[in-house]
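None of the values given here were measured: they were computed from a predicted structure.
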Amino acid sequence: GNLPSIKDDFVQCLRDATDAGIVVVATTQCQSGSVILGHYATGQKLIGAGVVSGSDMSIEATTTKLAYLLGRQDLSIDEVRDLMT
């Protein structure tokens, strides 16, 4: 399911994390489908908190890609965020 849009304290925690330079990626546990941020109010709140979409990547693919990108010393956090989408 979706992150409840009324959980403003949780969204604030995500904002605090992204402000601190932590890359937060929204993924899905579904076998098929994808994360499309910005389509609904919940996604808009996540975008506002600095969360990036994992799109149609599995949790394993997201973790692997993020680990690879964070391991590269030539990329800034903003570049990592951009490359995750």
Original post:
CD1/Ile77 to CD1/Ile22 distance, rounded to the nearest 0.5 angstrom?
Top reply: 9.0 Å
Original post:
Would you say Leu46 and Leu14 make side-chain contact, with heavy atoms under 4.5 Å?
Top reply: yes
Original post:
Side-chain heavy atoms under 4.5 angstrom apart, residues restricted to Ile, Leu, Val, Met, Phe, Trp, Tyr: same cluster for Leu70 and Met57?
Top reply: yes
**OP:** Return yes if some donor-acceptor pair links the side-chain N/O of Thr18 with the main-chain N/O of Ala49 below 3.5 Å, else return no.
**Re:** yes
**OP:** Establish whether Ile47 and Phe10 are linked, either directly or via other cluster members, by ILVMFWY side-chain heavy-atom contacts under 4.5 Å.
**Re:** yes
Subject >> Test item: Thr64 side-chain N/O and Ala61 main-chain N/O as donor-acceptor pair under 3.5 Å >> reply: no
Original post:
Do you know the tightest heavy-atom contact between Ser53 and Ser55?
Top reply: OG-N, 2.9 Å
Original post:
Is it true that the side chains of Asp16 and Gln12 contain a donor and an acceptor less than 3.5 Å apart?
Top reply: yes
Original post:
How would you list, by chain and number, every residue that makes a side-chain contact (heavy atoms from CB on, under 4.5 Å) with Leu75, sequence neighbours excluded?
Top reply: Leu69, Arg72, Glu79, Val80, Leu83
Original post:
Residues in side-chain contact (heavy atoms from CB on, under 4.5 Å) with Ala26, at least two apart?
Top reply: Val35, Leu37, Val51
Original post:
So do Val25 and Arg81 actually touch side chain to side chain, heavy atoms under 4.5 Å?
Top reply: no
**OP:** List in chain and number order the residues that pass side-chain contact (heavy atoms from CB on, under 4.5 Å) with Ser34, two or more places apart in sequence or in another chain; answer none if no residue qualifies.
**Re:** Ile36, Asp56
